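First up is the structure itself, then whatever we jot down about it.
In listed order, ligands and their atoms are each counted from 1. It should be emphasised that the depicted structure is a prediction, and the values quoted were computed from it without experimental measurement. FYI, side chains are in, hydrogens and waters are out, and symmetry mates aren't considered; it's all heavy atoms of this structure.
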Amino acid sequence: MSYETILYEVSDGVAVITLNRPDRLNAFSRQMHLDLSACLREAARDPEVRALVVTGAGRAFCAGQDLDEFDHGTVADLVRERYNPLILSLRRLEKPVVAAVNGVAAGAGMSLALACDLRIASDRASFTTAFARIGLVPDSGLSYFLPRLVGTGRAAELCLLGERVDARQALELGLVNRVVPEAEFPAAWRDWAGRLARGPRSLGYMKQLLAHAPQATLEEQLEHEAWLQGLAGATEDAQEGVRAFREKREPRFRGR
Ligand code: T3D
């Protein structure tokens, strides 16, 4: 299927979602919300898709809400109706999602990157929470993910002062997993995505496990691990993994 504001391409098990409003720094318009949620549904349903990448066209990753479409009167409703379901659908997707942060990520664009499972950044990327500058509070999960990634003190600094951090600072803070030079960036994120797409079905369960941990007690988390280990252990991929180990060869996972 094709989309008005998003490029969507599937190859070798990887769905690449490119936010495609480069003249607005890929800011979220109403149409881009509709397109993104539709293509996430498509990727979730498609058994060929085993990993996803979210990136941006042009020089930005995503500049958050399109401020030309901003309406002070309906802001809470828009957050509930558009951003919250988007963040939840990314987190509930049982397939790993990589944010390939090619440029600036601001406001809900930064939230989008933080809601992904892994973040790889070009050395031209930067991050700004941006909300303070326009008199809003963080939304789309930013206040949830940011302290978990960087700690509460640094999260407060990034939110209250709203300064823009470059890719190197983002790596030091733990906002991103890896930074690569611009010239090597597409090959680097494609390599990560390819490795995830060739991974076992259990990657989806791992994602659930890690999401469950921050609000669980040790006892609850141990039980959650046991439950998901039961599901993982029953997959074809777990059989293949153990068989391949015994046969001293690389496993060939099928995502089942
Ligand atoms: O109701 C609701 O929807 C609530 C939900 C809120 C969620 C949010 O995301 S709120 C936060 C919204 N985002 C921002 O406040 C960020 C605004 N943008 C910026 O601060 C800067 O543009 C950047 C830091 C992202 C990048 O700066 P820079 O200097 O690299 O680029 P620029 O020159 O500011 O922007 C280039 C163009 O993109 C420019 O247009 P022009 O002059 O070339 O015609 C600029 O207006 C446009 N642009 C950038 N961000 C947005 C945007 N246009 C609309 N909406 C934007 N968010």
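- Heavy-atom contacts of Phe131 reach the following atoms of ligand 1: 7 (C), 8 (C), 10 (S) (cutoff under 4.0 Å).
- By the 4.0 Å N-to-carboxylate-O rule, Asp166 lies too far from Arg124 to be salt-bridged with it.
- With a heavy-atom cut-off of 4.0 Å, Val75 touches ligand 1 through backbone and side chain alike.
- Using a 4.0 Å cut-off between charged nitrogen and carboxylate oxygen, Arg154 and Glu157 do not count as a salt-bridge pair.
- Residue contacts with ligand 1: Arg82 is excluded, as none of its non-hydrogen atoms falls under 4.0 Å.
- Ligand 1 has no nitrogen or oxygen under 3.5 angstrom from a nitrogen or oxygen of Asp71.
- Nearest protein heavy-atom contact of atom 25 (C) of ligand 1 is Ala106 CB, 3.8 Å.
- Arg178 has no carboxylate O lying under 4.0 Å from a charged side-chain N of Glu184, or vice versa, which leaves the two without a salt bridge.
- Below 4.0 Å from some heavy atom of Arg133 lie the following atoms of ligand 1, by number and element: 20 (O).
- The pair Arg249-Glu240 meets the salt-bridge criterion, with a side-chain N (NZ, NE, NH1 or NH2) lying under 4.0 Å from an Asp/Glu carboxylate O.
- Residue Phe28 places no heavy atom under 4.0 Å from ligand 1.
- Between Ala63 and ligand 1, at least one pair of N/O atoms sits closer than 3.5 Å.
- Checked by atom type, the side-chain pair Ser126/Arg164 shows a donor-acceptor distance below 3.5 Å.
- Listed by number with element, the atoms of ligand 1 under 4.0 Å from a non-hydrogen atom of Leu78 are 1 (O), 3 (O).
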